[in-house]
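Heads up: the structure comes next, in structure tokens.
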Amino acid sequence: MSERGKALATVWFAYAVAIAAGAVTLWLMEGSALWRAFVADVVATVVIFGFSRAYRNSSFYDAYWSVIPPLLGAYWWCAAGAPNDARALLVMALVLFWGIRLTWNWAHHWTGMQHEDWRYPMVRNAKPKMALFTDFFGIHFFPTIQVFLGCLPLYAATTYSRPLNWLDAVAAVVTFGAICIEMISDLQLRSFLRTAKPGEVIRSGLWGWSRHPNYFGEISFWGGLALFGLAAHPEGWWWQIIGVIAMALMFIFASIPMMEKRSLERRPAYAKLMREVSMLVPLPPRRG
């Protein structure tokens, strides 16, 4: 087995241990399905954090974003008695499709233990004396909370039974469309990088209309889940929209500024791109 293969096997083993720890937590706990899932989610996060520290690579956590939501949805659906509900079937199929695609995309690009997301050392090195604290809360725990909040509509869609309505149709189009946008933008970026010259910026396909079409697709995915939740349980609108709002704020005020600062430092042509191409929402490019 190659070194990369061994590294991926180690990561999958870590996730098997984390999921097992979460399952044991669910079995031992009492209380609502929502609360039990949250505690199990945190326990699994702590396990992955332990592996991250043991191997000195916080990219162990990268796949957590896409691995956990399908498991949360499956647990909530089973806890509700697994009703043969068209909405639950539809939303679970879409979440599973999204999770498999995003996880595969990460595994395809991760080269092994020597590779760690460039943002993680920045977070840890900002305050070296608090590296352990920032590693856990900034890189592991905070995203877990973000994703759990984003999954609250998934809880509603798999727990509350209400006839399908027009909002479900809108939710399905938005969610599936968002996954397609993410998939297409990833493929276009991968194709560009194969032949890109140093300092060159991508302006083809979706990337000519948005500087971050993959992030737009990701935010739209969580927005689609929110619509499914509202269709199932409109009375709980106030706690179902928290997740997509938190996601949008994180990307707009944290992830995108970090990416753009790095791009400006490495690619002088990126400043011109910023003047001509929309930051997030795909729009016709501005010329001149």
Side-chain angles (χ1 to χ4, degrees), residues 38 41-42 45-46 48-49 52-53 57-69 72 98-99 102-103 105-106 109-110 115-153 178-179 181-182 185-186 189 201-202 206-207 209-226 239-267 270-271 273-275 277-283:
F38 175 72
D41 198 4
V42 173
T45 300
V46 172
I48 296 299
F49 173 69
S52 295
R53 298 299 296 182
N57 189 329
S58 292
S59 277
F60 264 82
Y61 184 82
D62 287 349
Y64 201 91
W65 186 280
S66 52
V67 168
I68 295 302
L72 288 174
W98 166 84
L102 199 56
T103 304
N105 189 63
W106 170 80
H109 288 285
W110 192 61
H115 174 74
E116 184 182 35
D117 190 296
W118 59 271
R119 289 166 291 194
Y120 299 160
M122 289 178 59
V123 173
R124 291 193 300 266
N125 296 336
K127 294 184 178 180
K129 293 183 179 180
M130 300 182 65
L132 182 66
F133 180 88
T134 55
D135 193 3
F136 176 70
F137 285 98
I139 299 173
H140 294 77
F141 186 69
F142 174 73
T144 290
I145 299 299
Q146 285 277 104
V147 171
F148 192 85
L149 291 175
C151 286
L152 291 179
I179 298 170
I181 288 173
E182 287 189 275
S185 60
D186 284 343
L189 180 60
V201 296
I202 181 171
L206 292 173
W207 298 86
W209 286 51
S210 169
R211 302 199 299 273
H212 303 279
N214 50 344
Y215 288 167
F216 173 76
E218 185 67 10
I219 295 171
S220 299
F221 169 79
W222 297 104
L225 289 192
W239 52 265
Q240 294 186 60
I241 64 171
I242 295 173
V244 66
I245 293 174
M247 289 288 180
L249 292 176
M250 182 191 69
F251 280 112
I252 293 172
F253 295 105
S255 298
I256 290 177
M258 289 179 71
M259 291 288 293
E260 303 224 303
K261 180 181 178 182
R262 186 170 187 253
S263 295
L264 284 170
E265 292 171 350
R266 302 174 67 194
R267 302 177 181 88
Y270 197 79
L273 183 76
M274 292 178 68
R275 293 194 297 270
V277 178
S278 169
M279 180 185 75
L280 187 63
V281 180
L283 295 170

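Note that the structure is a prediction, hence the values are computed from the model and not measured.
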Listed partners of Met274 passing side chain to side chain contact (heavy atoms under 4.5 Å, CB included), at least two apart: Arg211, Glu260, Leu264, Tyr270
Output all residues satisfying ring pair (Phe, Tyr, Trp, His ring centres under 6.0 Å) with Tyr215, sequence neighbours left out; order by chain, then residue number. His212, Phe251
Looking at CG of Asn105 and CG of Leu189, how far apart are the two atoms once the value is rounded to the nearest 0.5 Å? 9.5 Å
Results of side-chain hydrogen bond (donor to acceptor under 3.5 Å, both in side chains) for Ser66 - residues two or more places apart only: Thr103
Check the pair Glu182 / Trp98 against side chain to side chain contact (heavy atoms under 4.5 Å, CB included), numbers first and verdict last. CA-CA 9 Å; Glu182 287 189 275; Trp98 166 84; 3.6 Å; yes
Pairwise distance CG(Asn214) to OG(Ser255) - rounded to 0.5 angstrom: 10.0 Å
Partner residues of Ile241 under the side chain to side chain contact (heavy atoms under 4.5 Å, CB included) criterion, sequence neighbours left out: Trp237, Ile245
Please answer whether the main-chain N or O of Leu280 pairs with a side-chain N or O of Ser210 as donor and acceptor at a distance below 3.5 Å. yes
Minimal heavy-atom distance between Ala248 and Ile219, with the atoms involved, is CA-CD1, 4.0 Å
Can you name the closest pair of heavy atoms from Met247 and Trp222 and give their distance? CE-CE2, 3.6 Å
Holding to side-chain hydrogen bond (donor to acceptor under 3.5 Å, both in side chains), I want the full list of residues that pass it with Gln240, two or more places apart in sequence or in another chain. none
Listing, residues 134-153 side-chain donor-acceptor contacts under 3.5 Å, not counting sequence neighbours, or none:
residue : atom : partner : partner atom : Å
Thr134  : OG1  : Met130  : O            : 3.1
Thr134  : OG1  : Ala131  : O            : 3.1
Asp135  : OD1  : Ser58   : OG           : 2.9
Asp135  : OD2  : Arg53   : NH1          : 2.9
Asp135  : OD2  : Ser58   : OG           : 3.4
His140  : ND1  : Asp135  : O            : 2.8
His140  : NE2  : Ser52   : OG           : 3.0
Thr144  : OG1  : Thr45   : OG1          : 2.8
Thr144  : OG1  : Tyr61   : OH           : 2.7
Thr144  : OG1  : His140  : O            : 3.1
Gln146  : NE2  : Ala246  : O            : 3.2

Residue pairs, two or more places apart or on separate chains, that pass salt bridge (charged side-chain N to carboxylate O under 4.0 Å, His left out) and touch residues 136-147: none
Reported OG-to-CG distance for the pair Ser278 and Leu273, which is rounded to 0.5 angstrom: 10.5 Å
side-chain hydrogen bond (donor to acceptor under 3.5 Å, both in side chains) filter on Trp65, not counting sequence neighbours, yields Glu218
Across all chains, not counting sequence neighbours, the side chain to side chain contact (heavy atoms under 4.5 Å, CB included) partners of Ser59 are Asn57, Asp62, Trp110, Glu116, Asp117, Tyr120
Shortest non-hydrogen pair, Phe216 vs Val281, comes out as CD1-CA, 4.0 Å
Applying side chain to side chain contact (heavy atoms under 4.5 Å, CB included), name anything that partners Ala126, two or more places apart in sequence or on another chain. none
